[in-house]
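Data block below; observations after.
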There are 2 protein chains.
Amino acid sequence: MRLAKQTILRLFQYREFLILAKSIGIKNVYSDTLAEALGSSATQVRKDFSLFGITGNKRAGYQLDDLLSQLNELLGKNEKQKVIIAGAGNLAKALMQYEGFKKEGIEIVALFDNDPVKCDPQNDPPILPIEDLYNFVSEKQVELGVIAVPYYVAQQILDLMIVAGIKGVLNFAPIYLKAPKDFFINDMNLRLELETVAYLIKTRTKAGVHKESS
Amino acid sequence: MRLAKQTILRLFQYREFLILAKSIGIKNVYSDTLAEALGSSATQVRKDFSLFGITGNKRAGYQLDDLLSQLNELLGKNEKQKVIIAGAGNLAKALMQYEGFKKEGIEIVALFDNDPVKCDPQNDPPILPIEDLYNFVSEKQVELGVIAVPYYVAQQILDLMIVAGIKGVLNFAPIYLKAPKDFFINDMNLRLELETVAYLIKTRTKAGVHKESS
DNA sequence: GCTATTTTGTGAATATATTCACATTAAAAA
DNA sequence: TTTTTAATGTGAATATATTCACAAAATAGC
Ligand SMILES: NC(=O)c1ccc[n+]([C@@H]2O[C@H](COP(=O)([O-])OP(=O)(O)OC[C@H]3O[C@@H](n4cnc5c(N)ncnc54)[C@H](O)[C@@H]3O)[C@@H](O)[C@H]2O)c1
Ligand SMILES: NC(=O)c1ccc[n+]([C@@H]2O[C@H](COP(=O)([O-])OP(=O)(O)OC[C@H]3O[C@@H](n4cnc5c(N)ncnc54)[C@H](O)[C@@H]3O)[C@@H](O)[C@H]2O)c1
């Protein structure tokens, strides 16, 4: 089965929209509906579903509840997920206070920092010394991590996470990290993404990142 | 000329690496060096350069200073860029305190919020009422924006930005935004990116997001 | 100055992703 | 019931991105 990261991301987006749609009482959707909502194409939507064996009803489209539960199952949203964050700085603070993760079953179980001043074991979630990372992660069997430390320590923190048992990370440090090939790294370089928009504006080229306005 | 967002992103990454390399005294690089540093391939690097008319020296590779200044020119890094942020919440606070933007010539000139408690015109950068956005942006001719408001107001804030003269945004609100086709929207859905890693871990499929470890 | 070697630059080949085109099917209408 | 209509599902076609393969050029060694 294909595993293209972007396809998975789209499936999550479909799910996202369905949750919203459900909340306003919508009962069934068409590939068209989803395409419109995401700025994609109906064929793309059906192709994505087809790829994962998700099937609808000819002429009647997709029953929302049914589709949603298929996506939930497929995307593993029926199980909760624990995550730790390395680095308790500005970005980590924003993530910690963001209620969206918990709502989606992702629980930040701890943060780790090497600055004693930033540590606070009484906080919820606890902010612990980086030395505790190994034991915490291996004991609690956490598999998901976020890297929010400065770039010059990111590789060493990643290595620590790997030996502790972390299986994949979302990395905010602006540097290329090396890891075994079965380890997942999703790089988020916020500054570069902003610079890219700045560049695109300056050179005012035709095709946008988005589709045209409806 | 091609404008693929991902190609541009890679050019910025090359530049990033060059700055780092320069700081440790490196004088010239090869497509190989860059590929290694970014987890890419030498051919990809040369293809990217070729696409933008960047040219090196056969056998001797690329002179670092020269390459860097070509990239700076190409990527518009010789001019400063002003940016505003809509929404002065947790994420905006992290962005505001991040010194990396200024270092790269991106100046956050103001934040805007509809919560009077969050506003603080004395702050540097000033946090202003959302009502001031239009005048501020059109007078100061700001073209770049960041959307850091809740999803349910994101479209209306974007519309406001567009009429004020903003030409492109980095959008953190987890929703698809509609805009004219010459307007650039770069969507950053942090939660979905984290959920995607969580999914990939669970299904432990072969090919990673990154290349194999060196 | 000649030769061997290394690296670039790029057209062609391949791989990947998206869109097209349409047969198939289910529902609605007649 | 039969026909019409509107949607899905998917192989084929196209578009896009990456890698291969190698000629051309510049340096280093002799
Ligand atoms: N804040 C942003 O808006 C932003 C934007 C783009 C990129 N980033 C990147 O995200 C990462 C985090 O950014 P931030 O703004 O939160 O930085 P920050 O400086 O506020 O936080 C970094 C934290 O990491 C901790 N730390 C340093 N070394 C450590 C170590 N060896 N072990 C454990 N903890 C350690 C520090 O004590 C600090 O609390 C950085 O790599 C930064 O470049 C941040
Ligand atoms: N914080 C995170 O880690 C995180 C992670 C993923 C996504 N996001 C997304 O980023 C966006 C911002 O997140 P946040 O955590 O900073 O949220 P937040 O609630 O801390 O901040 C949002 C800010 O927007 C302001 N606001 C609300 N309506 C407004 C309006 N009409 N005009 C101007 N300002 C208005 C609020 O007063 C608040 O200060 C949200 O869409 C969120 O879903 C945030």
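Convention: sequence-line order gives letters A, B, ...; per-chain numbering from 1.
- Counting distance only, with no hydrogens placed and no angle test, the side-chain atoms of Arg59(B) and the base atoms of dT27(D) include a donor-acceptor pair under 3.5 Å.
- Each of Asn57(A) and Lys47(A) lies near DNA chain D, and the nucleotide nearest Asn57(A) is the one positioned closer to the 5' end.
- Taking atom CD on Glu36(A) and atom C1' on dA7(D), their separation rounds to 17 Å, with Å as the unit.
- In terms of phosphate contacts, Thr55(A) brings a side-chain nitrogen or oxygen within less than 4.0 Å of OP1 or OP2 of dG9(D).
- Within a 6.0 Å sphere centred on CD of Gln97(B), other residues, nucleotides and ligands contribute more than 12 heavy atoms.
- Between Phe49(B) and Tyr14(B), the ring center distance clears the sub-6.0 Å criterion.
- Atoms CZ (Phe52(A)) and C1' (dT10(D)) sit 16 Å apart, rounded to a whole Å.
- What separates OH of Tyr30(B) from P of dA26(D) is a distance of 15 Å, to the nearest Å.
- Within the 4.0 Å cut-off from OP1 or OP2 of dC20(C), not a single side-chain nitrogen or oxygen of Arg46(A) is found.
- Checking the phosphate oxygens (OP1, OP2) of dA17(D), no side-chain nitrogen or oxygen of Gln44(B) falls inside 4.0 Å.
- Across all strands, Tyr62(A) comes closer than 4.0 Å only to sugar-phosphate atoms, never to a base (heavy-atom distances).
- Using a 4.0 Å heavy-atom distance criterion, Thr43(B) is classed as a base contact.
- For dT19(D), one of the phosphate oxygens OP1 or OP2 lies less than 4.0 angstrom from a side-chain nitrogen or oxygen of Ser41(B).
- Open room surrounds OH on Tyr134(A); 12 or fewer heavy atoms of other groups in view lie less than 6.0 Å from it.
- dT8(D) atom C1' lies 13 Å from atom CG of Leu67(A), rounded to whole Å.
- Look at Glu99(A) and Arg191(B) and you find no salt bridge, because none of the NZ, NE, NH1 or NH2 atoms lies under 4.0 Å from a carboxylate O.
- A donor-acceptor pair shorter than 3.5 Å cannot be found between the side chains of Glu193(B) and Asn189(B).
- What separates CD1 of Ile8(B) from P of dA17(D) is a distance of 11 Å, to the nearest Å.
- Atoms CZ (Phe49(A)) and C1' (dA17(C)) sit 17 Å apart, rounded to a whole Å.
- For the pair Leu51(B) CG and dT19(D) P, the computed distance is 15 Å after rounding to whole Å.
- Look at CG on Asp32(A): it is 14 Å from P on dT19(C), rounded to the nearest Å.
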